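Notes for the one structure printed next.
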Number of protein chains: 2
Amino acid sequence: MPSRRADPLTLEVVELIGDVVTRYHQEYEHAASSHQLTGAQARVLNLLSLEPMPMRKIAQKLRCEPSNITGIVDRLETRGLVERRPDPADRRVKLAAPTEEGLQTADRLRESLDFAREPLAGLSPAERAVLRDLLRRMLG
Amino acid sequence: MPSRRADPLTLEVVELIGDVVTRYHQEYEHAASSHQLTGAQARVLNLLSLEPMPMRKIAQKLRCEPSNITGIVDRLETRGLVERRPDPADRRVKLAAPTEEGLQTADRLRESLDFAREPLAGLSPAERAVLRDLLRRMLG
DNA sequence: TATTGTTATACTCTATAACTATA
DNA sequence: TATAGTTATAGAGTATAACAATA
């Protein structure tokens, strides 16, 4: 791939997207650590609060090796936020599911995780629709 | 902060931004590892390729503790991509600077790091300007 | 044989605290 | 005293490979 020089406008948009990504991650980590969770733990807890799932599926969602999930769920389980249940349909499978306390933590986390909600408040509904359409096209 | 329920449009935009963040990070890590670098190493190398700087300043840019930078620069130095130079003005300071090979690696990395360039190719200049303005307002 | 989850291993990133050499 | 960089330490995330239980 030859290095085509992008125009200044494109470069600025690329940089702005990088800024959004940076801020998003900072606020995500901060929100997680305010609940004594790491970013990875918060992501798994959020995932499970939507729907209990096998360890392997968590790894697929997070795009990492299944062996990593063992440790992350171990730590959430030690904290009493998640539990492992047998899968009646397949005894090899363990279903990870949030406890009642885990669901509450996930809810409180989600409230502080809607980073974009505040900045979007400054945009009109029409502008938000434009932003939505542009982002959709960016993501293909 | 009470949990106000956001409208569907806002929620979709929030989710789309999350998708952009996810894809950005995946492509960043992939581009870095294609050069046998970790994400943190790639970020430091890119930073230094713009301008040599003291170890402490790298930590400020990356928003991490200075002690972490020692190891990251160590690994880049072992690879021959970065070198430590004395600061004539203050003998406590070590300036981290890219080697010739480090600059070349940074250049090749940058070519594959302009993630947004390709997706933006589908947007007209006018649409890019709209996106730029919306992102600017999001970032305050 | 193939799949699920785990264990063992090794590396990297991260923060904290203590150390050194300068200022 | 204060600052720059390092070292030591510990915890967490990650990938790879090998393993037991089950399909």
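Letters go in sequence order (proteins before strands), and every chain restarts at 1. Quick caveat, the model's predicted, so the values are computed rather than measured.
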Can a cation-pi geometry be assigned to Arg43(A) and Tyr28(A), taking NZ or CZ under 6.0 Å from the six-membered ring centre and within 45° of the ring axis? yes
For a quick test of reading the model: is some side-chain N or O of Arg43(A) closer than 4.0 Å to OP1 or OP2 of dG13(D)? no
Arg79(A) and Glu101(A): CA distance, side-chain angles, deciding distance, side-chain contact (heavy atoms from CB on, under 4.5 Å) verdict: CA-CA 10 Å; Arg79(A) 293 271 305 275; Glu101(A) 184 187 349; over 6 Å; no
Write down the distance between CE (Met55(B)) and C1' (dT3(D)), rounded to a whole number of angstrom. 15 Å
Rounded to whole Å, CD1 of Ile58(A) lies from C1' of dT14(D) at a distance of 16 Å
Test: Glu83(A) and Arg85(A) ion pair at under 4.0 Å: yes
Residues Glu12(A), Arg136(B): salt bridge by 4.0 Å N-O rule: yes
Is it true that the side chains of Thr10(B) and Asp7(B) contain a donor and an acceptor less than 3.5 Å apart? yes
Among all residues two or more places apart in sequence or in another chain, which pass the side-chain contact (heavy atoms from CB on, under 4.5 Å) test with Asn68(A)? Cys64(A), Glu65(A)
With a 4.0 Å cut-off (strictly under) to non-hydrogen atoms of chain A, the first and last hit nts on DNA chain C, 5' to 3', are dT3(C) to dT7(C)
Whole-Å gap separating P (dA12(D)) and CD1 (Ile72(A)): 11 Å
Straight-line distance of Asp87(A) CG to Met53(A) CE, nearest 0.5 Å: 13.0 Å
May I ask you to check whether over 12 heavy atoms, not counting those of Glu15(A), lie within 6.0 Å of atom CD? no
Nearest whole Å is fine: how far is dT14(D) P from Gln41(A) CD? 11 Å
Indicate whether OP1 or OP2 belonging to dG11(D) is found under 4.0 Å from a side-chain N or O atom of Thr38(A). no
Name the nucleic acid region contacted by Ile69(B), choosing base, sugar-phosphate or nothing; use a 4.0 angstrom heavy-atom cut-off, strictly under. nothing
Protein-proximity profile, nucleotides 15-23 of chain D, B/S/- by nucleotide at the 4.0 Å heavy-atom cutoff, equals BBB----BS
Specify the separation, in whole Å, of atom NZ of Lys61(A) and atom P of dT14(D). 17 Å
Whole-Å distance, Arg75(B) CZ to dT14(D) C1', equals 14 Å
Tell me whether Met55(B) is reachable from Val93(B) by hopping between hydrophobic residues (I, L, V, M, F, W, Y) whose side-chain heavy atoms are closer than 4.5 Å. no
